[in-house]
Amino acid sequence: MENTQIRIGGMSCQGCVKNITGVLSGLAGVASAEVSLEQAAATVAFDPQTISRGELLAAIEDAGFDAE
Ligand code: 9UX
């Protein structure tokens, strides 16, 4: 398992936090996802054998946010 910090742009309310948390949690290979509106960031624990950091970013972007 690997932990990564992702900066997220475009979150404006707790609904966004919930949406992104749901998107990340639903991905195969993601063990846990914690999203903070105040920090504009997510902390994600994932299995690098199953999913890459790039795929995490792509999923966030597909949901309509910026991720880096
Ligand atoms: Mo809040 Mo976010 O009204 O995708 S849910 S802006």
Exercise. Would you call Thr21 and Glu34 a side-chain contact if the rule is heavy atoms closer than 4.5 Å?
Worked result: no
Problem set entry | The single option from Ile20, Asp66, Val35 passing side chain to side chain contact (heavy atoms under 4.5 Å, CB included) against Ile60 | Ile20
Problem set entry | By salt bridge (Lys or Arg N to Asp or Glu O under 4.0 Å) - contacts of Arg7 (at least two apart) | Glu68
Exercise. Is the CD atom of Gln49 crowded by more than 12 outside heavy atoms at less than 6.0 Å?
Worked result: no
Seminar exercise, completed: Between Ser25 and Val30, the two heavy atoms sitting closest are CA-CG1, 4.3 Å
For this session: Check Val17 against Leu37 and note the closest heavy-atom contact, atom names and distance.
Result: CG2-CB, 3.6 Å
For this session: For residues Leu27 and Ala59, report the shortest heavy-atom separation together with the two atoms involved.
Result: CD1-CB, 3.8 Å
For this session: Could you check Asn19 against Met11 for side-chain contact (heavy atoms from CB on, under 4.5 Å), going step by step and ending with a plain yes or no?
Result: CA-CA 10 Å; Asn19 293 341; Met11 289 195 293; over 6 Å; no
Exercise. CD of Glu55 to CG of Asp62: how many Å apart, nearest 0.5 Å?
Worked result: 11.0 Å
Seminar exercise, completed: Nearest heavy-atom approach of Ala67 to Glu61 is O-OE2, 3.3 Å
Problem set entry | Residue pair Thr43 / Gln5, side-chain donor-acceptor N/O under 3.5 Å | yes
For this session: Tell me, please, which residues at least two apart from Thr50 pass side chain to side chain donor-acceptor pair (under 3.5 Å).
Result: Asp47
For this session: Of all the heavy-atom pairs spanning Leu56 and Phe46, show the shortest one and how long it is.
Result: CD1-CD2, 3.8 Å
